[in-house]
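Every number for a ligand or one of its atoms is a count from 1 in the order of the listing.
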Amino acid sequence: MAKESQNIFDKVVSLCKRRGFVFPSSEIYGGYTAIYDYGPYGVLLQNNVKNAWWNNYVKMRDDIVGLDSSIFMNPKVWHASGHIKGFSDPLVECKKCHSRNRADKMLEEIGVVADEKMDIEQINEIFFNNLDKIKCPNCGKKDFTKIKKFNLLVKSNLGNYTDEIGEEPSYLRGETCQGIYVNYKSVLDSTRVKIPFGIAQIGKAFRNEITARKFVFRTREFEQMEMQYFTRPEDEMKEYEKLKEERWNFFASLGFKKNNLRWKKHDNLVFYAKEAYDIEFKFPWGFDELEGVHARGNYDLSQHSKYSGVDLSYNDIELNKKYIPHVIESSVGVGRIIFALLVDAYNEEGEGKEKRIVLKIDKKLAPIKIAVFPLLSNKPELLEKSKEVYTSLKPNFFCEYDGSGNIGKRYRRQDEIGTPYCITVDFDTLKDNTVTVRERDTMNQERIDINKLEEYLSSNLKK
Ligand code: ATP
């Protein structure tokens, strides 16, 4: 990473820790590689992102329904999906420092493609032919083991599983969409959906990721938001074009700067895929995948029909025809969106004493919408009035009360967590029932009558 980019990366990670967005997991025990916890503001931000996604699909669309499937599934699911055989990354180990890395990502950094369609011998050949340009990202040496396939599925000992007698273990799901495919028939049979329709789900997924150096961008436990849309075979690509447009608009609606987002087409598709694009965000190390938007043909449902023996074809009464629906999907990690949003919104303004860090995050996503302060913390009449204002706003907005430290510090603290409005109760309030409302981005201040405060805030938070 270039120095300036490393700077932004470090600054955002530090803000996350300092201000209670994201903490390393079990930190008092030294942490746990590639696992993170969301703190008080992180969980609020996460909920707002998840709500925006859920509302966009499940609430606003008549043709999309929600689902919450389990993390554990019959292990046959993972045979059918191809995860047991093929859900692996090429692992290479440095013989000097023993750090483990993904060979495909190391090749990507020098502009060489090694994708999932290649077998491990081909990747080995390409890797060692390019050794003059490759070095260990940890110690800089060039002495590597042979590359081998490393399966990413996380095994468990759920149930009566014992390794000794060669029983099939159960797995923690490696992606949430398999839960959608295996419930496709139940949804169809129990609701009034008709092709084309979609199923949306938010839930945890687990992967034994080899490298994990990019904060919440790549973690071993993470949350996915996936929507699988089932179409007539002949409509797949038409629907796919629509979905691509909708996904772009969704990210724009989260307030991302347009030049921090771009489309990337997959050049080498897996054999069943029709087309695949990623929406990439400009992370501190460069553009990288935020969300996948893929046209998957009828592979998924065909596989589950074959392995389960249950006919998953759709009886299309209008066409008087039976077929296995084709699937288009959008798939994104919550942690990746959170990290991207924080990088996108992070700003440093002013100089010296006037310097402030401000998260210019979209108001609808801000964890706290309004902070209420008494001008001075040692005046009982101001404390009483400010508490009254705070209590009246609390049922309708996520609010925070802060009566400690000086007013400048309180503003800085709220700026850093992205609070759009700060309200100060002062001596004039006691005379004329008005308060000062300060806006985060412009720092403009307005006097607003307490009786009109709720209306003022509601309409401004919607803008
Ligand atoms: P990558 O190439 O970065 O490993 P992928 O192509 O394997 O990602 P998918 O399997 O398509 O990813 O997963 C869909 C989405 O889930 C990704 O676009 C990403 O937003 C999210 N995701 C995948 N793996 C992780 C992870 N380990 N941590 C956080 N989010 C993840």
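- Near Ser331, the atoms of ligand 1 lying under 4.0 angstrom from a non-hydrogen atom of the residue are 13 (O), 14 (C), 15 (C), 18 (O).
- For atom 28 (N) of ligand 1, the nearest protein heavy atom (residue, atom name, distance) is Thr219 N, 3.0 Å.
- Asp316 has no carboxylate O lying under 4.0 Å from a charged side-chain N of Lys321, or vice versa, which leaves the two without a salt bridge.
- For the pair Glu226 and ligand 1, the shortest N or O to N or O distance does not fall below 3.5 Å.
- Taking both residues in full, the closest heavy atoms of Pro367 and Phe398 are given as O-CB, 3.6 Å, listed atom of the first, atom of the second, then distance.
- A salt bridge links Arg413 to Glu400: one of the charged nitrogens lies within less than 4.0 Å of a carboxylate oxygen.
- The ring of Phe339 has its center closer than 6.0 angstrom to the ring center of Phe215.
- Within the set Phe339, Phe217, Phe206, Phe281, the minimum heavy-atom distance to atom 29 (C) of ligand 1 is found for Phe217.
- Heavy atoms only, all atoms of each residue included: Phe230 and Pro325 are closest at CB-CB, 4.0 Å.
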Trace of the ring-ring contact (aromatic ring centres under 6.0 Å, His included) decision for Phe283 with Phe281: CA-CA 6 Å; Phe283 286 98; Phe281 174 76; 5.0 Å; yes
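- Residue Leu290 touches ligand 1 through its backbone alone, judged by heavy-atom distances below 4.0 Å.
- Counting heavy atoms under 4.0 Å from ligand 1, residue Arg220 does not touch it at all.
- A salt bridge between Lys355 and Glu348 is present, with a side-chain N of the basic residue lying under 4.0 Å from a carboxylate O of the acidic one.
- The two residues Lys204 and Ile71 have their closest heavy-atom pair at CB-CD1, 4.0 Å.
- Under a 4.0 angstrom heavy-atom cut-off, Arg102 registers as being in contact with ligand 1.
- Atom 22 (N) of ligand 1 has its closest protein heavy atom at Phe222 CE1, 3.6 Å.
- Stacking of Arg262 on the aromatic ring of Phe287 is recorded, both the 6.0 Å distance cut-off and the 45° axial limit being met.
- Of the listed residues (Glu329, Lys105, Glu223, Lys214), the one carrying the non-hydrogen atom nearest atom 2 (O) of ligand 1 is Lys105.
- When the options Glu280, Glu209, Glu289 are ranked by their closest heavy atom to atom 11 (O) of ligand 1, first place goes to Glu289.
- Polar contact with ligand 1: present for Arg218 (N/O pair, distance under 3.5 Å).
- Remark: Lys244 is positioned above the aromatic ring of Trp263, its terminal NZ or CZ atom under 6.0 angstrom from the ring centre and at most 45 degrees off the axis.
- Between atom 7 (O) of ligand 1 and the options Met225, Arg207, Arg336, the minimum heavy-atom separation is to Arg207.
- For a threshold of 3.5 Å applied to N or O pairs, the pair formed by Gly333 and ligand 1 contains at least one separation below that value.
- Gln224 NE2, 3.2 Å is the protein heavy atom nearest to atom 16 (O) of ligand 1.
- Residue contact check for ligand 1: Glu175 places no non-hydrogen atom closer than 4.0 Å to it.
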